[in-house]
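Working notes, structure below.
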Amino acid sequence: MAENLFVTGALVIPAAELRERFSRSSGPGGQGVNTTDSRVELSFDVAGSPSIPDTLRPRILDRLSTRLVDGVVTVAASEFRAQLANRQAARDRLAALLRSASEPPPPKRRPTRPSRAAKERRLTEKRRRGETKRSRRSSFSD
């Protein structure tokens, strides 16, 4: 599975920059669970990768700062019994993570004020609610 990882049209990670590590999956299993290394950890050096454009690198590093260890992001997959399926799941997960981290920031919110009609509706509803509560009170005329 030494293929390049396509994140977006402009961002492609060469297979040489990805590191895979295999280990035994946790959880219940049959006879083969103790012998197969089906869990996959896929690591990618975000900070030192030449394939990430310099314009995107600060944004990705900032957004993935909680997941990075020395500039390296690691994704694990162990939900399938087959190692090949876990390798593909880890690649898909890493691509989705990098895709979401490289998206441009949302546009700034333009501060707005409530309209006069909206203020009037709010105050009218407030008065009506107060009247309802006032009418529920019992008077103490003993």
Side-chain angles (χ1 to χ4, degrees), residues 1-140:
M1 185 160 299
E3 301 173 355
N4 296 341
L5 182 66
F6 293 94
V7 179
T8 62
L11 181 59
V12 178
I13 309 299
E17 293 185 28
L18 299 173
R19 286 191 311 274
E20 289 180 322
R21 210 176 95 200
F22 306 103
S23 61
R24 294 188 183 133
S25 294
S26 62
Q31 293 172 335
V33 78
N34 295 326
T35 58
T36 58
D37 290 339
S38 60
R39 181 175 188 266
V40 178
E41 284 185 14
L42 186 63
S43 299
F44 173 61
D45 186 7
V46 178
S49 172
S51 60
I52 294 181
D54 292 332
T55 56
L56 280 181
R57 190 182 319 277
R59 184 186 307 163
I60 293 174
L61 288 173
D62 181 50
R63 290 190 180 165
L64 295 179
S65 62
T66 58
R67 294 193 60 151
L68 295 176
V69 177
D70 296 329
V72 177
V73 65
T74 302
V75 174
S78 64
E79 59 266 12
F80 299 105
R81 291 176 63 181
Q83 186 189 82
L84 197 61
N86 282 331
R87 289 174 82 179
Q88 188 59 47
R91 292 172 66 85
D92 293 343
R93 204 171 294 159
L94 180 64
L97 185 68
L98 291 174
R99 193 175 303 116
S100 66
S102 64
E103 287 177 348
K108 289 269 187 189
R109 180 190 172 275
R110 270 185 50 216
T112 58
R113 291 193 173 133
S115 65
R116 182 182 296 163
K119 288 181 190 176
E120 194 57 44
R121 281 193 300 269
R122 181 182 62 85
L123 293 174
T124 305
E125 178 58 33
K126 201 171 176 177
R127 274 187 229 105
R128 195 169 78 227
R129 186 75 179 142
E131 278 297 319
T132 304
K133 289 187 169 198
R134 212 171 295 118
S135 68
R136 290 181 187 154
R137 290 185 198 159
S138 61
S139 61
F140 294 107

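The structure presented is a predicted model; accordingly, all values stated were derived computationally and were not measured.
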Exercise. Mind checking the CD-CG spacing from Glu3 to Leu5? Nearest 0.5 Å is all I need.
Key: 9.5 Å
Quiz item: Is there a donor-acceptor pair closer than 3.5 Å between any side-chain N or O of Ser135 and the backbone N or O of Thr132?
Solution: yes
Quiz prompt | Criterion side-chain contact (heavy atoms from CB on, under 4.5 Å) against Phe22, the qualifying member of Glu41, Gln83, Arg39 | solution = Gln83
Exercise. Check whether any side-chain heavy atom of Arg63 sits under 4.5 Å from a side-chain heavy atom of Ser100, and report yes or no.
Key: no
Quiz item: Are any side-chain N or O atoms of Asn86 and backbone N or O atoms of Ser38, one a donor and one an acceptor, separated by less than 3.5 Å?
Solution: yes
Self-check item: Min side-chain heavy-atom separation Arg67-Val75 under 4.5 Å
Solution: yes
Quiz item: Should the pair Arg128-Glu131 be classified as a salt bridge under the 4.0 Å nitrogen-to-oxygen rule?
Solution: no
Self-check item: Heavy atoms from other residues, nucleotides or ligands near CZ of Arg81 exceed 12 (cutoff 6.0 Å)
Solution: no
Quiz item: In Å and rounded to the nearest 0.5 Å, what is the CZ to CZ distance from Arg122 to Arg127?
Solution: 10.0 Å
Self-check item: Taking every non-hydrogen atom, the tightest pair across Ala89 and Phe80
Solution: CB-CE1, 3.8 Å
Quiz item: Is the backbone N or O of Ala77 less than 3.5 Å from a side-chain atom of Arg87, with the two atoms forming a donor-acceptor pair by type?
Solution: no
Practice problem: With rounding to the nearest 0.5 Å, note down the distance linking CD in Glu17 to CZ in Arg19. | Solution: 10.0 Å
Quiz item: Would a distance-only check, ignoring hydrogens and angles, find a side-chain to backbone donor-acceptor pair under 3.5 Å from Arg99 to Thr8?
Solution: no
Which atom pairs, one a donor and one an acceptor, fall under 3.5 Å between side chains of residues 105-117 and the rest of the protein, sequence neighbours left out?
| unit_1 | atom_1 | unit_2 | atom_2 | d |
| --- | --- | --- | --- | --- |
| Ser115 | OG | Ala118 | N | 3.2 |

Quiz item: Taking all atoms of both residues into account, what is the closest heavy-atom pair of Pro53 and Leu11, and its distance?
Solution: CD-CD1, 4.0 Å
Quiz item: Only one of Val72, Val73, Leu18, Leu68 forms a side-chain contact (heavy atoms from CB on, under 4.5 Å) with Asp45, so which one is it?
Solution: Val72
Quiz prompt | Asn4 CG to Arg91 CZ distance, which is reported to the nearest 0.5 Å | solution = 8.0 Å
Quiz item: Taking 4.0 angstrom as the limit, do Asp54 and Arg57 come out as a salt bridge?
Solution: yes
Quiz prompt | Rounded distance (nearest 0.5 Å) linking atom OG of Ser65 with atom CD1 of Ile60 | solution = 12.5 Å
Quiz prompt | Worked verdict on Leu64 versus Leu98 for side-chain contact (heavy atoms from CB on, under 4.5 Å) | solution = CA-CA 9 Å; Leu64 295 179; Leu98 291 174; 4.1 Å; yes
Quiz item: Does some side-chain heavy atom of Val46 sit less than 4.5 Å from a side-chain heavy atom of Ile52?
Solution: yes
Quiz item: If you look at every heavy atom in Phe44 and Ser51, which pair is closest and at what distance?
Solution: CZ-OG, 4.4 Å
